[in-house]
Amino acid sequence: MKFTTSFFPTQKELPVDATIPSHVLMLRAGLIRPLAAGVYSHLPIGLRVMQKVMQIIREEMNAIGGQEVFLPALNPIELWQETGRVEDFGDIMFHVKNRPMVLAPTHEEVICSIAKNFLRSYRDMPQIWYQIQTKFRNEPRPRSGVLRGRQFLMKDSYSMDSSWEGLDESYDKHAGAYKKIFSRCGLKFFIVGASSGAMGGSGSQEFMVESASGEDTCAVCPKCGYAANVEVAVSNIPPLPRTDGELKLEEIHTPKVRTIDELVEFLNVPAEKLAKSLVYMQNNKIPILVLMVGNDQLNETKLANALGANIRPMHPEEIVQFTGAHSGSLGPIGLKNFKIVADKRLKDANGLISGANKDDYHIENIDFARDVRLDGYYDLREVKENEPCVECGEQLRVVNAIEIGHIFKLGTKYAEGLKTYFLNEKGEEKPIIMGSYGIGVERIVASHIEQNHDENGIIWDTSIAPFQIHLIGLNMKNETVREASENVYQLLIANGYEVIFDDRDDVTAGFKFKDADLLGMPLHVIIGEKNLSDGNVEIKIRRTGKRSVVAIDDILNKIEKLLH
RNA sequence: CGGGGCGUGGCUCAGUCCGGUUAGAGCGCACGGUUCGGGACCGUGAGGUCGGCGGUUCAAAUCCGCCCGCCCCGACCA
């Protein structure tokens with residue numbers, strides 16, 4: 001496609017509203033335009049990338065027997081009331097004002113409504129149906145460009161099986177397909193076990209791309225491949241040892257000492273001698289004391305999962321009301337009406353110091369086995385960088401990551417809610433066993449840019465590049481250059497290449513080079529007067545910056561080699 | 001929803017504190033000319049209800065109130 005007759009709105013100035021690389025580059029390279037918070041238009045180049053990604057997805061989904069469907073985004077709210085997910089989604093779901101309808105944030109309900117009428121027998125299964133469609137979610141805070149939008153393109157597939165073994169098989173097929181899809185899209189990714197959360201079901205895994213711009217945090221082992229979301233990750237950090245001697249509880253005066261670091265300094269003891277106290281409210285009514293070792297960080301998701309409840313940090317007024325002291329002087333000794341839980345590292349430890357529930361006082365020689373009435377030890381701490389891997393002992397890395405895919409074994413939750421039954425071999429009525437498997441299409445594009453860019457712009461992998469070749473005619477007012485460029489353009493497209501041709505005659509060479517680097521096609525073919533006078537053109541590899549001068553007659557050979 | 005920031009030509013911003021010619025700059029755009037291998041230059045020109053509504057005032061981009069929108073941090077995130 002030619003620049004002069006196309007819509008390729010690049011911009012050199014930094015967009016003020018974008019902060020992360022992929023967002024900045026998608027705007028500058030003219031892939032997207034914002035319309036409202038979390039809502040983007042996809043312009044020609046951006047759409048081409050999305051289409052490349054979708055094509056890869058389709059090929060791999062079809063390869064595991066998936067069948068593409070196209071489902072309504074507009075759903076009767078009644079359908080969602082049947083599964084109780086109107087409440088589950090709450091404000092996340094968009095509601096239509098002048099009809100009892102909602103905009104679908106996902107499509108389990110619609111799939112079931114179809115399946116219940118047509119999958120009546122075990123002989124009708126297994127089935128895999130997938131869609132690549134816009135989903136709507138009223139995110140409280142859209143952010144990071146296309147990474148968290150209110151309207152986004154998602155590949156969702158749904159497996160329907162008549163047995164649990166069948167579900168395992170469908171799930172494994174998807175896991176395999178996902179690895180191929182993300183690899184083909186040129187992404188470096190890893191897979192983590194995840195909790196199935198409100199989707200319910202028996203198992204789930206997330207496909208993650210490491211990125212400073214990611215919203216998730218994962219612990220990954222560089223040696224054995226252990227990887228887990230910090231919401232579930234564990235490390236091999238040892239529990240606290242018991243020390244000899246039976247020392248009595250003693251109150252110590254600690255004026256104005258509130259933080260663990262201040263205590264370490266004031267008492268001149270290691271942080272591992274301190275039991276940090278955090279206070280939460282469970283379901284808004286039960287006060288919870290959480291004890292952690294020294295400066296171990298509490299992971300609130302782990303706490304919520306351990307308690308099986310909603311939790312929130314206690315407000316300062318509540319802390320005083322329930323404990324009689326302020327944050328910084330709290331501890332397990334003498335605390336009444338609290339549910340007390342502790343991190344596993346504290347199990348049966350002794351010789352510890354914690355707050356006295358009296359401002360400016362702490363208590364020493366606390367023995368968890370002797371002095372503390374505990375409601376349980378749980379894994380509550382967040383894994384930190386460089387802690388030993390549970391699998392192999394290697395130092396763990398803790399990284400931010402973008403979730404690009406998530407696969408769930410749903411089981412029978414939706415089928416039961418929507419009365420989606422079939423008859424098994426014995427003629428018994430059973431709920432269909434489902435799985436659901438999502439991929440964020442925009443997230444693949446943004447992740448790819450996050451992983452593949454430099455200070456000049458995007459560096460596309462050939463597999464999803466909007467064009468393979470960026471052809472530059474340097475001085476298009478020079479008749480020789482114009483003619484040669486046009487000929488090369490025709491030659492390349494005649495040979496099946498996707499070419500973007502900068503045929504503008506009103507910008508300078510430097511301007512074109514900058515645009516080419518920004519747009520990031522894998523190969524740049526540069527046609528200028530000097531090389532042309534020797535019958536040559538220049539080919540630049542965007543990723544390496546490496547240039548070579550080749551004879552015009554040899555272009556096709558050279559390009560073929562460089563692209564594969 | 002809490003905290004912070006911002007809203008002035010297509011883009012990036014100045015001007016707002018301390019009200020007062022005809023609201024500016026750079027980039028982009030149009031026309032003419034010179035350039036032509038790393039975001040060229042000269043000249044001419046078009047383009048703005050200063051986010052919206054209301055108020056104060058002789059006078060509002062500027063002060064006050066309400067509202068809307070966008071970005072960032074947090075909460076939230078099947």
In whole angstrom, give me the gap between the P atoms of B:rU8 and B:rC71. 14 Å
Which nucleotide, in any strand shown, forms a Watson-Crick or G-U wobble pair with B:rU16, with both distances under 3.5 Å? none
Could you check which of B:rG28, B:rG38, B:rU12 has an atom nearest any side-chain atom of A:E13? B:rU12
Take atom CE of A:M476 and atom C1' of B:rU35, then tell me their distance rounded to the nearest Å. 17 Å
Quick check for you: among B:rC76, B:rG39, B:rU12, whose closest atom lies nearest to any side-chain atom of A:D515? B:rG39
Whole-Å gap separating P (B:rC36) and CG (A:N531): 17 Å
Before giving the answer on side-chain hydrogen bond (donor to acceptor under 3.5 Å, both in side chains), spell out for A:T10 and A:K12 the whole-Å C-alpha distance, their side-chain angles and the decisive distance to 0.1 Å. CA-CA 7 Å; A:T10 58; A:K12 63 180 170 188; over 6 Å; no
Of the nucleotides B:rC76, B:rG37, B:rC70, which one has an atom closest to the side chain of A:R547? B:rG37
Under 3.5 Å donor-acceptor pair, A:D517 side-chain atoms to B:rG38 base atoms: yes
Let's test this: given Watson-Crick or G-U wobble pairing with both distances under 3.5 Å, identify the partner of B:rU62. none
Base-pairing assignment for B:rC70 (Watson-Crick or G-U wobble, both under 3.5 Å): B:rG5
Looking only at side-chain atoms of A:F513, point me to the closest of B:rC77, B:rG38, B:rC70. B:rG38
Go ahead and name the base partner of B:rG10; Watson-Crick or wobble counts if both distances stay under 3.5 Å, otherwise write none. B:rC27
Provide the distance between the two P atoms, one in B:rA40 and one in B:rG52, to the nearest whole Å. 36 Å
What does A:S144 touch in the nucleic acid at a heavy-atom separation under 4.0 angstrom: a base, only the sugar-phosphate, or nothing? sugar-phosphate
Pairing partner (Watson-Crick or G-U wobble, both distances under 3.5 angstrom) of B:rU21: none
Whole angstrom is fine here: how far is it from CG in A:N138 over to C1' in B:rC1? 13 Å
5'-most contact on RNA chain B (nearest-nucleotide basis), A:Q11 vs A:R28, goes to A:Q11
Considering all heavy atoms of both residues, which atom of A:S548 and which atom of A:K558 are nearest to each other, and what is their separation? OG-CE, 3.5 Å
Length of the line joining A:L518:CG and B:rG38:C1', which is rounded to integer Å: 14 Å
Taking only side-chain N and O atoms of A:R141, does any of them lie within less than 4.0 angstrom of OP1 or OP2 on B:rC73? yes
With the side chain of A:A37 defined as its heavy atoms from C-beta on, choose the nearest nucleotide among B:rG38, B:rC70, B:rU12. B:rC70
Please name the nucleotide paired to B:rG37 by Watson-Crick or G-U wobble geometry with both distances under 3.5 Å, or report none. none
Work out how far the C1' atom of B:rC42 is from that of B:rG19, and round it to whole angstrom. 40 Å
Of all the choices, B:rC36, B:rA75, B:rG39, which nucleotide is nearest to the side chain of A:K12 once you look at every atom? B:rG39
When you measure only distances, ignoring hydrogens and angles, does the side chain of A:K477 come within 3.5 Å of the base of B:rU35 through a donor and an acceptor? yes
Taking B:rC72, B:rG39, B:rC36 as options, the one with an atom nearest any side-chain atom of A:K514 is B:rG39
In this structure, are over 12 heavy atoms from other groups packed under 6.0 Å from A:K116 atom NZ? yes
Separation of A:L27 atom CG from B:rC11 atom P, in whole Å? 12 Å
A:E479 CD - B:rC36 P separation (whole Å): 17 Å
Taking A:S6 for its side chain and A:F8 for its backbone only, find out whether a donor-acceptor pair lies under 3.5 Å. no
Show, in sequence, the C-alpha distance, side-chain angles and deciding distance for A:Y178 and A:Y437, and conclude whether the ring pair (Phe, Tyr, Trp, His ring centres under 6.0 Å) test is met. CA-CA 9 Å; A:Y178 276 32; A:Y437 317 89; 7.0 Å; no
Surrounding CD of A:E318 (heavy atoms of other residues, nucleotides or ligands, distance under 6.0 Å), is the total greater than 12? yes
So what does A:I92 hit on the nucleic acid, given a heavy-atom distance under 4.0 Å: a base, only sugar-phosphate, or nothing? nothing
Using the C1' atom on both, measure B:rG24 against B:rC63 and round to a whole Å. 22 Å
Under 4.0 Å between a side-chain nitrogen and a carboxylate oxygen: does that hold for A:K302 and A:D379? yes
Report which part of the nucleic acid A:K135 touches: base, sugar-phosphate, or nothing (heavy-atom distance under 4.0 Å, all strands). nothing
Between B:rG7 and B:rA61 - C1' atom distance, rounded Å: 11 Å
Does A:T508 make a side-chain N or O approach to OP1 or OP2 of B:rA40 shorter than 4.0 Å? yes
Find which nucleotide of RNA chain B each of A:M154 and A:G38 is nearest to by heavy atoms, and output the residue with the more 5' nucleotide. A:G38
Paired with B:rC77: which nucleotide, if any, by Watson-Crick or G-U wobble criteria at under 3.5 Å for both distances? none
Nearest to side-chain heavy atoms of A:A509, which nucleotide of B:rG37, B:rG39, B:rU12: B:rG37
Counting heavy atoms not belonging to A:K384, are there more than 12 under 6.0 Å from its NZ? yes
So is the aromatic ring of A:F511 stacked onto the base of B:rG39, judging by whether the centres are under 5.5 Å apart and the planes are under 30° apart? no
What I want to find out is whether A:R504 reaches A:D506 closely enough, with some N-O distance under 4.0 Å, to be called a salt bridge. no
Whole-Å gap separating P (B:rC77) and CE (A:M93): 16 Å
Looking only at atom P, what distance separates B:rC68 and B:rU56, rounded to whole Å? 23 Å
As its Watson-Crick or G-U partner within any shown strand, both distances under 3.5 Å, B:rU56 has none
Taking B:rG15 as the reference, what is the distance to B:rG51 when you measure between their P atoms (whole Å, please)? 15 Å
P gap between B:rU16 and B:rU62, integer Å: 12 Å
Touch check for A:A18, heavy atoms < 4.0 angstrom, all strands: base, sugar-phosphate only, or nothing? nothing
Gap between atoms CG and C1', on A:N536 and B:rG37 respectively (whole Å): 15 Å
